[in-house]
Amino acid sequence: MGMLFGEVFVTLLVITDPPGTVPVFVALTSQMPPRERNRAAWQASALALGVIVAFAVVGQNLLSYLNVDLPALQGAGGLLLVLVALELLTGRSGDANAPATSNVALVPLGTPLLAGPGAIVATMLFVQRAHGIAQYAEIGAAIVLVISLVWLALRFSGVIVRILRPDGIEVLNRIAGLLLAAIAVQLIADAVEAFVTQYQHTAH
């Protein structure tokens, strides 16, 4: 494996942040029995892998076709995370009256939390830099390895649930909500900054 593999691996590992995702995962799945929680971990990881790979392959063409810039994707992801953060902060994430159809493993865990604008944009940029089958294979291997580590972190989050008990989970919900809100604000701020920079370049 070459330099590109290491670069993609480290970048995506920092962006997906498996240890940082665990509190949010625990907060959103605390009402689930262990078997369902394990299934949610698998679904979130599989969706994240699918989304990142899909955008790596056709992302640039898709955004160009829709006439959407990368900052717009970032801003949209940020707004979606704000909604989830508000639910966690106000204690509505474990609502027993919530519709059974809402699958937290897919949204917001799979995307935009794991396969968020950061991971998608970074992967698309790496793909643009790559030349030849070998380098594309390195990018693919790095993505699979990162998502495998994410899955392991989520899969064994049940241990944390057993240790913390309901009171601890309640506190964790609030902390996770605060962290998510911070991530969301950063995404929106980055999107606004990118739009301003783009506008200044256009003006000149």
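Atom set for the values below is all heavy atoms of this structure, side chains included, hydrogens, waters and symmetry mates excluded.
Atom CG of L109 and atom CG of L154 lie 7.0 Å apart (nearest 0.5 Å). Distance check, rounded to the nearest 0.5 Å: CG of L88 to CG of L172 gives 9.5 Å. Of the inter-residue distances, the one linking L180 atom CG with L89 atom CG reads 8.5 Å to the nearest 0.5 angstrom. The CZ atom of R155 sits 9.5 Å away from atom CZ of F25, with the distance rounded to the nearest 0.5 Å. Atom CG of residue L49 and atom CG of residue L114 lie 11.0 Å apart, to the nearest 0.5 angstrom. The structure places CG of L28 at 8.5 Å from CD of E87, a figure rounded to the nearest 0.5 Å.
Pairs passing the side chain to side chain donor-acceptor pair (under 3.5 Å) check and including a residue from residues 104-130, sequence neighbours excluded, read E7-R129, Q60-Q128. The stretch residues 176-187 participates, sequence neighbours left out, in these side chain to side chain donor-acceptor pair (under 3.5 Å) pairs: Q186-D190. Note on residues 137-154: no pairs pass side chain to side chain donor-acceptor pair (under 3.5 Å), not counting sequence neighbours. Counting only residues at least two apart or on different chains, the side chain to side chain donor-acceptor pair (under 3.5 Å) pairs with a member in residues 39-58 are Q43-N103.
Residue E193 qualifies as open at atom CD: its count of foreign heavy atoms under 6.0 Å is 12 or below.
Across L47 and L106, no two heavy atoms sit closer than the pair CD2-O, 3.2 Å. Closest approach of A122 and T11 over heavy atoms only: CB-CG2, 4.1 Å. Residues A115 and I120 come closest through the heavy atom pair O-CD1, 3.6 Å. The nearest pair of heavy atoms linking P71 to A191 is O-CB, 3.2 Å. The nearest pair of heavy atoms linking V150 to P18 is CG2-CG, 3.8 Å. Counting all heavy atoms, side chain and backbone alike, T16 lies closest to L13 at OG1-O, 3.5 Å.
Residues satisfying the side-chain contact (heavy atoms from CB on, under 4.5 Å) test with I133, not counting sequence neighbours, are none. E170 meets the salt bridge (charged side-chain N to carboxylate O under 4.0 Å, His left out) test with R174; sequence neighbours excluded. Every side-chain contact (heavy atoms from CB on, under 4.5 Å) that A142 has, sequence neighbours left out, goes to F5, V8, F9. E36 meets the salt bridge (charged side-chain N to carboxylate O under 4.0 Å, His left out) test with no other residue; sequence neighbours excluded.
Following chains of ILVMFWY side-chain contacts shorter than 4.5 Å, one can reach L145 starting from V14, so the two form part of one hydrophobic cluster. Grouping the Ile, Leu, Val, Met, Phe, Trp and Tyr side chains by contacts below 4.5 angstrom, directly or via other members, places Y199 apart from L70. Residues I15 and V144 fall into different hydrophobic clusters, defined by Ile, Leu, Val, Met, Phe, Trp and Tyr side chains chained together at heavy-atom separations under 4.5 Å. Placement of V51 and L62 within a single hydrophobic cluster is found when ILVMFWY residues are connected by side-chain heavy-atom separations under 4.5 Å, directly or transitively. In the hydrophobic clustering of ILVMFWY residues, with side-chain heavy atoms under 4.5 Å counting as a link, V57 and F126 come out together.
Under the 4.5 Å side-chain criterion, counting only non-hydrogen atoms from C-beta, R37 is not in contact with V26. Two residues are said to be in side-chain contact when any heavy atoms from C-beta on lie closer than 4.5 Å; I52 and V146 fail this criterion.
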Quick one, Q200 with V196, criterion side-chain contact (heavy atoms from CB on, under 4.5 Å). Give me CA distance, side-chain angles, the key distance, then yes/no.
CA-CA 6 Å; Q200 285 173 341; V196 170; 4.0 Å; yes
Please evaluate residues L63 and D69 with respect to the criterion side-chain contact (heavy atoms from CB on, under 4.5 Å), reporting the C-alpha separation (whole Å), side-chain torsions for both, the decisive distance (0.1 Å), and the verdict.
CA-CA 7 Å; L63 291 183; D69 291 326; over 6 Å; no
Got a list of side-chain donor-acceptor pairs under 3.5 Å for residues 72-86, not counting sequence neighbours?
none

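When hydrophobic residues (I, L, V, M, F, W, Y) are linked wherever their side-chain heavy atoms come within less than 4.5 Å, the members clustered with V171 are I175, L179. In the hydrophobic clustering, I163 connects to V159, either directly or through intervening members, whenever side-chain heavy atoms lie under 4.5 Å apart. M3 belongs to no hydrophobic cluster with other residues, because no ILVMFWY side-chain heavy atom falls under 4.5 Å from its own, directly or through intermediates.
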